[in-house]
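Here is the structure we will look at.
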There are 2 protein chains.
Amino acid sequence: MATGEGRRRVTIADVASHAKVSTTAVSKVIRNAYGVSPAMRERVNAAIEELGYRPHAAARAMRGRTYTIGLMLPHIRNPFFADILDGLMDQLAGTDYQAIMIQGGATRTTERRAVDALIDRQVDGIVMVAPLAAKTRLEEVAGQIPTVVLGRHERSTVYDAVFDDDETGAELAVQHLIDLGHRRIAHITHQDDSSARPGDLLHKIRSEAYERVMREHGLADEIAVATTYYSEEGGYQGTLELLNRSPRPTAIFAGADQAAFGALAAVHESGLSVPGDVSIAGYDNTRLAALPNISLTSVDQNGALMGKTSGRLLLERFEGRTSAVRFSVTPRLVQRNSTAPAPGTAHDKPTT
Amino acid sequence: MATGEGRRRVTIADVASHAKVSTTAVSKVIRNAYGVSPAMRERVNAAIEELGYRPHAAARAMRGRTYTIGLMLPHIRNPFFADILDGLMDQLAGTDYQAIMIQGGATRTTERRAVDALIDRQVDGIVMVAPLAAKTRLEEVAGQIPTVVLGRHERSTVYDAVFDDDETGAELAVQHLIDLGHRRIAHITHQDDSSARPGDLLHKIRSEAYERVMREHGLADEIAVATTYYSEEGGYQGTLELLNRSPRPTAIFAGADQAAFGALAAVHESGLSVPGDVSIAGYDNTRLAALPNISLTSVDQNGALMGKTSGRLLLERFEGRTSAVRFSVTPRLVQRNSTAPAPGTAHDKPTT
DNA sequence: CAGGCGATGGGTAACGTTACCCATAATTCA
DNA sequence: TGAATTATGGGTAACGTTACCCATCGCCTG
């Protein structure tokens, strides 16, 4: 276990000479390859232990696998992504695989750079969370390396897809507000730089489901959308804009909790109360939403399960699966105190 | 710019033959090395462009640098870390370096695995945020690879250190509460698995500063510490424990905003109000703290600056600096509505 | 008992890049 | 003008690992 200061790294050759066997034999033991006797295995493992050998991932990358999975996140501020990572790491625990993360940023250009960086570093598989890239680009990536796309809905034959049923989720939220007697229900959506088809992006799906449900209830004229960002700042700005309209909405469905937090701030700063004057619902059910003095009604999507599944799908790909898989998570509504019957409505809370 | 599906990667050799020059020449152009004519440079760059060549980081790792900086974060749920990453990426923008992240987890074992993984992947430099490892381990890592330790206070001659003046920060918070007339001021600290010397860990420094200031004001008997975690759950549990004591504290200084959020929840659930019955102060001044319905008094430490500086220090190391540098950020108190004069105190808010 | 076969171990050429060195041409200087 | 120096380009051996192939040995089978 001696690991000296600036000392040269322990290599497979060191292990081989220490165990008095060939480097090939050592490599076989490490990889659990065929053709090693138990005696040999033990001998080599002892030497590995003694010298504190660890495989050099970069060297491995030249020939075989790196045992690395790359996770591209748009950014790390959203705690929902932490759930995804938790699930992924949970799945990877006990395997030889390591997860590394990279921040994709807000534009297609930065995202491309980030994903290229992962490919250049020869990760064995990639999980892209809510990517902005066009489908052709996703398939190009997936053509080079096993890929899971998380949060997009389009069908592909080359990559696996994991996503929440955003249509249902948005429906749950809007329906809930309608049930509470609201009619002027506004929506905050996310502006992106994506070149994906609108119908494949989660925020588009949520906003379209919002509009559809509104129309289905004869509320087409009440549709009001602020297009900002799924972030606190975005929610804040969007809400200020919505509250300025006349008549102002009595409820806001924010497409993400982060935006809902900003909405809460904006409503308070406008001298209005939640849910007295304005009801607010979010999406993601982040832990913060459960805090009593936020108590945000939100749509829960099982991020940990999505992350875990992404990992599993990649491991399956490594084992040889070539057919594409789609995995969908069903959302559910978590009612809290940020939503209440519309002002002036004699309305009983619906029984769940 | 043609990048076919499963096609073989474009290598330096492809570029060389396409440009009708040697691979050496291509390598020189890429690395901006000495000994290339402008004509050669242009020729090679044209070929690179045309073929869509990107350097293979793993191959580079075998000889030179990977242009990769590894960022070890204990976990990604804390939005404060997002500030650090933002600062780091800001510094790295415009350079050839890429930042990758890895989650260290809650124990020394998982952290070690994570950092080893970065080393095995041959990153050029490492930034370790609030590591749990013993100083000897940190120096062992730094002996192999340029390292910045963020959030620890000990002096080292081998790695660079970036940290907040936690002593002053904690002092600001506690002093603020004392100024408001509070006497029964409790503290929530973080339990760790670290083998660092207590005086070097930020949460120990904060808790010791808390105790010191209390004693300096003759409040030694009022010292009450709950040792849980810097997380929502930890803050929640710790606060329940503290509120159970009799007499209960009128103020709680949580060592981190995340814990303070949990504390807010616990106070509310106990049927008490903030700041009416209990004042709460946090640390980190995360964006959430500024939301009107949280409005948490908190100590601001400039995370972006710390991240940016970490990046700068690494780049300097790559340029050849060998002496160790320490960089300290000065915190400041941001007063909001979660702190107020102690119940039953005729006290004017101190002018700032 | 010869031929063959499975089990085991090793030799070696890659993988893509760079550091080091050498060769040649072009230019400068005395 | 000859020698020395500089500028420019290329050849080649690594870096650490693995995939592929071959050699050997003991044993089984007909």
Side-chain angles (χ1 to χ4, degrees), chain A residues 7-45 47-48 51-68 96 116 119-124 144-145 318, chain B residues 7-45 47-48 51-68 96 116 119-124 144-145 318:
Chain A
R7 202 153 65 212
R8 205 177 50 72
R9 218 186 142 88
V10 178
T11 76
I12 215 177
D14 300 324
V15 175
S17 72
H18 190 265
K20 304 204 200 316
V21 297
S22 72
T23 57
T24 301
V26 177
S27 175
K28 280 181 181 169
V29 170
I30 294 169
R31 292 176 292 129
N32 267 307
Y34 174 82
V36 259
S37 62
M40 168 70 92
R41 181 174 305 282
E42 194 171 339
R43 202 186 164 79
V44 170
N45 279 328
I48 287 176
L51 298 176
Y53 167 80
R54 289 200 318 268
H56 188 290
R60 280 184 149 176
M62 300 290 294
R63 299 290 301 159
R65 22 182 80 172
T66 54
Y67 297 94
T68 309
D96 286 336
D116 279 348
I119 296 173
D120 296 344
R121 278 151 193 82
Q122 211 73 9
V123 296
D124 295 331
Q144 301 174 51
I145 194 176
F318 301 157
Chain B
R7 202 154 65 211
R8 206 177 50 74
R9 220 188 140 87
V10 177
T11 76
I12 214 177
D14 300 324
V15 175
S17 72
H18 191 264
K20 302 201 200 318
V21 296
S22 71
T23 58
T24 302
V26 177
S27 176
K28 280 180 181 169
V29 170
I30 294 168
R31 291 176 291 128
N32 266 308
Y34 174 83
V36 259
S37 62
M40 167 72 91
R41 180 174 307 281
E42 194 171 338
R43 205 187 161 78
V44 170
N45 279 328
I48 287 176
L51 298 176
Y53 166 81
R54 291 198 319 266
H56 188 291
R60 280 184 149 176
M62 301 291 294
R63 300 291 299 158
R65 24 183 77 174
T66 54
Y67 297 94
T68 310
D96 286 335
D116 279 348
I119 296 173
D120 296 344
R121 277 151 193 81
Q122 213 72 11
V123 296
D124 295 331
Q144 300 175 52
I145 194 176
F318 301 156

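Chain letters run A, B, ... following the sequence lines, proteins first, then strands; residues in each count from 1.
Comparing V26(A) and K20(B), the nucleotide of DNA chain D nearest to each residue sits closer to the 5' end for K20(B). Residue-to-nucleotide proximity on DNA chain C shows that, of K28(A) and Y34(A), the 5′-proximal contact is made by Y34(A).
One N or O on the side chain of D14(B) and one on the backbone of T11(B) form a donor-acceptor pair closer than 3.5 Å. The backbone N or O of Q122(A) lies less than 3.5 Å from a partner atom in the side chain of T66(A), making a donor-acceptor pair. Not one N or O on the side chain of R43(B) forms a donor-acceptor pair closer than 3.5 Å with the backbone of A39(B).
Nucleotides of DNA chain C lying under 4.0 Å from heavy atoms of chain B occupy a range whose first and last members, 5' to 3', are dG16(C) to dA19(C).
Residue T11(A) is in sugar-phosphate contact alone, with no base atom involved, counting any heavy-atom pair closer than 4.0 Å across all strands shown. Contacts of T24(B) with the nucleic acid, taken as non-hydrogen atoms under 4.0 Å apart, include base atoms.
When each of H56(A), R54(A), R60(A) is checked for a side-chain hydrogen bond (donor to acceptor under 3.5 Å, both in side chains) with D120(B), only R54(A) meets the rule.
Taking only side-chain nitrogens and oxygens, S37(B) never comes nearer than 4.0 Å to OP1 or OP2 of dA7(D).
Between the side chains of T68(A) and R121(B), at least one donor-acceptor pair of N or O atoms lies under 3.5 Å.
A salt bridge does not link D96(A) to R31(A): none of the charged nitrogens lies less than 4.0 Å from a carboxylate oxygen.
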